[in-house]
Amino acid sequence: MPHDCKVGSCGTCRFKLVDGKIGELSPSALVLEREELAAGYRLACQAMPRSDLTIALNAPLAMQSTVEDYIGTIIAAPRLCQDIIGLTLELDRPLPFSPGQYADLTAPGIEGPRSYSFAFAPERGEAQRLEFHVRHVPGGLFTDWLFGQDRTGQELRLSGPFGQFRLKDSAAPMLCLAGGSGLAPIMAILQQARAMGATRPVTLLYGARTRQHLYCLEEIEALRAAWKAPFEFVPVLSEEDVDSAWAGARGLVTEPIARLPDQARSEAYLCGPPAMIDAAEAQLMQHGVLPGLIAADRFLDKSTVR
Ligand SMILES: Cc1cc2nc3c(=O)[nH]c(=O)nc-3n(C[C@H](O)[C@H](O)[C@H](O)COP(=O)(O)OP(=O)(O)OC[C@H]3O[C@@H](n4cnc5c(N)ncnc54)[C@H](O)[C@@H]3O)c2cc1C
Ligand code: FES
């Protein structure tokens, strides 16, 4: 079943209830349009079957990725910046996935999986060695465990791939906006676009707290140098010391959107904290970008789910 957030906020799991009865954990009306509700659409992740059901999807299930379970061993976990680790896992067998998708990881002794986006584009559509960018959430069970000590050699359970956040087949300019470790799937998507020989202009807005929270700068520069069209990279710092030597942009990563020329023609890819994405979506729509041209991946956690 196609899904992303599993908490009734993204709408990816919408299905048409043709026959049967369901109960709802949270009302589909919070996400779906009035016309969709009237046509019988509901959210699968919020639906409890109360009878046998007949349902219809908007795309054939055969087009969805096959989710499988894997065992992964941590082979490296270097710090990429002050609060992000580059988690490298070696799997028991190759996993097929599309850039932009994510996997669910479960650590021993920690209840329930946590989702992490693949941070690279696989060469032939699959990979056995995976990399994730994991940001430390103080007080968070999985990230406290990972950052607490060297976990090299530790086994994790992994299932995936999940998610509908992907590169779209288009020639429109790309406006990418990432906050913190939200850069991971954006890098994967841009790597894929470069490998496909994309000639689309790119603007990459990247939000971090301070210079110590910036990472992937060399990889971004390599992408920019190899890109076959204009590629503008704009790092934006929200908490950099006013007296520091930083000469780049300051403030919220969403603020430069208003100054970009011709946003309405762009296709937007947004990834990071939910509040950042909500603000970016509102700004983009205010500047004429149609909702269908905005793809977003919200890094929801237990503090942000309803
Ligand atoms: C599709 C998707 C992709 C993601 N990809 C990435 C990625 O690539 N990189 C990345 O760094 N993160 C990513 N995330 C976020 C990630 O899945 C985790 O949520 C995050 O790492 C925190 O996990 P944790 O176990 O450390 O924290 P958790 O233990 O889950 O806690 C998270 C926060 O919630 C608070 N909290 C816990 N329980 C409650 C409660 N009941 N009520 C209120 N607050 C509570 C905790 O104190 C903490 O601040 C992604 C999320 C999604 C949904
Ligand atoms: S609304 Fe169901 S998966 Fe997001």
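Just follow the structure's listing: the first ligand is 1, and inside any ligand the first atom is 1. What you see is a predicted model; the values in this text were computed from it and never measured.
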- Message: Name the residue from Arg250, Arg211, Arg209 that meets the salt bridge (charged side-chain N to carboxylate O under 4.0 Å, His left out) definition with Glu239.
- Response: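 Testing each of Arg250, Arg211, Arg209 against Glu239, the sole residue satisfying salt bridge (charged side-chain N to carboxylate O under 4.0 Å, His left out) is Arg209.
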- Check whether any N, O or S atom of His3, backbone or side chain, sits closer than 2.8 Å to atom 2 (Fe) of ligand 2.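 His3 does not place any N, O or S atom closer than 2.8 Å to atom 2 (Fe) of ligand 2.
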- Task: Over all heavy atoms of both residues, which pair between Arg194 and Ala222 is shortest? Give the atoms and the distance, please.
- Result: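 What the structure gives for the nearest pair is NH1-O, 4.2 Å.
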- Task: Please work out whether any backbone atom (N, CA, C, O) or any side-chain heavy atom from C-beta onward of Phe142 is under 4.0 Å from ligand 1, and answer side chain, backbone, both or neither.
- Result: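 Phe142 to ligand 1: contacts from backbone and side chain alike.
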- Message: I'd like to check whether Leu141 has a polar contact with ligand 1, where a contact means an N/O of the residue lying under 3.5 Å from an N/O of the ligand.
- Response: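 It does: an N or O of Leu141 is found under 3.5 Å from an N or O of ligand 1.
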- Query: Between Arg93 and Tyr70, is NZ or CZ placed under 6.0 angstrom from the six-membered ring centre and within 45° of the ring axis?
  - Reply: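 Geometry flag: set, cation within 6.0 Å and 45°.
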- Task: Report yes or no: does a heavy atom of Tyr116 sit under 4.0 Å from some atom of ligand 1?
- Result: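 Judged by the 4.0 Å heavy-atom criterion, Tyr116 does count as contacting ligand 1.
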Which atoms of ligand 2 are found less than 4.0 Å from any heavy atom of [X]?
X: Cys13; value: 1 (S), 2 (Fe), 3 (S)
X: Gly8; value: 1 (S)
X: Cys45; value: 1 (S), 2 (Fe), 3 (S)
X: Lys6; value: 3 (S), 4 (Fe)

- Could you tell me which atoms of ligand 1, counted from 1 in the order shown, lie closer than 4.0 angstrom to a heavy atom of Arg298?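 Once the distances to Arg298 are compared, the set is 52 (C), 53 (C).
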Would you say [atom1] of [X] has more than 12 non-hydrogen atoms from neighbouring residues, nucleotides or ligands within 6.0 angstrom?
X: Arg157; atom1: CZ; result: no
X: Lys168; atom1: NZ; result: yes
X: Asp241; atom1: CG; result: yes

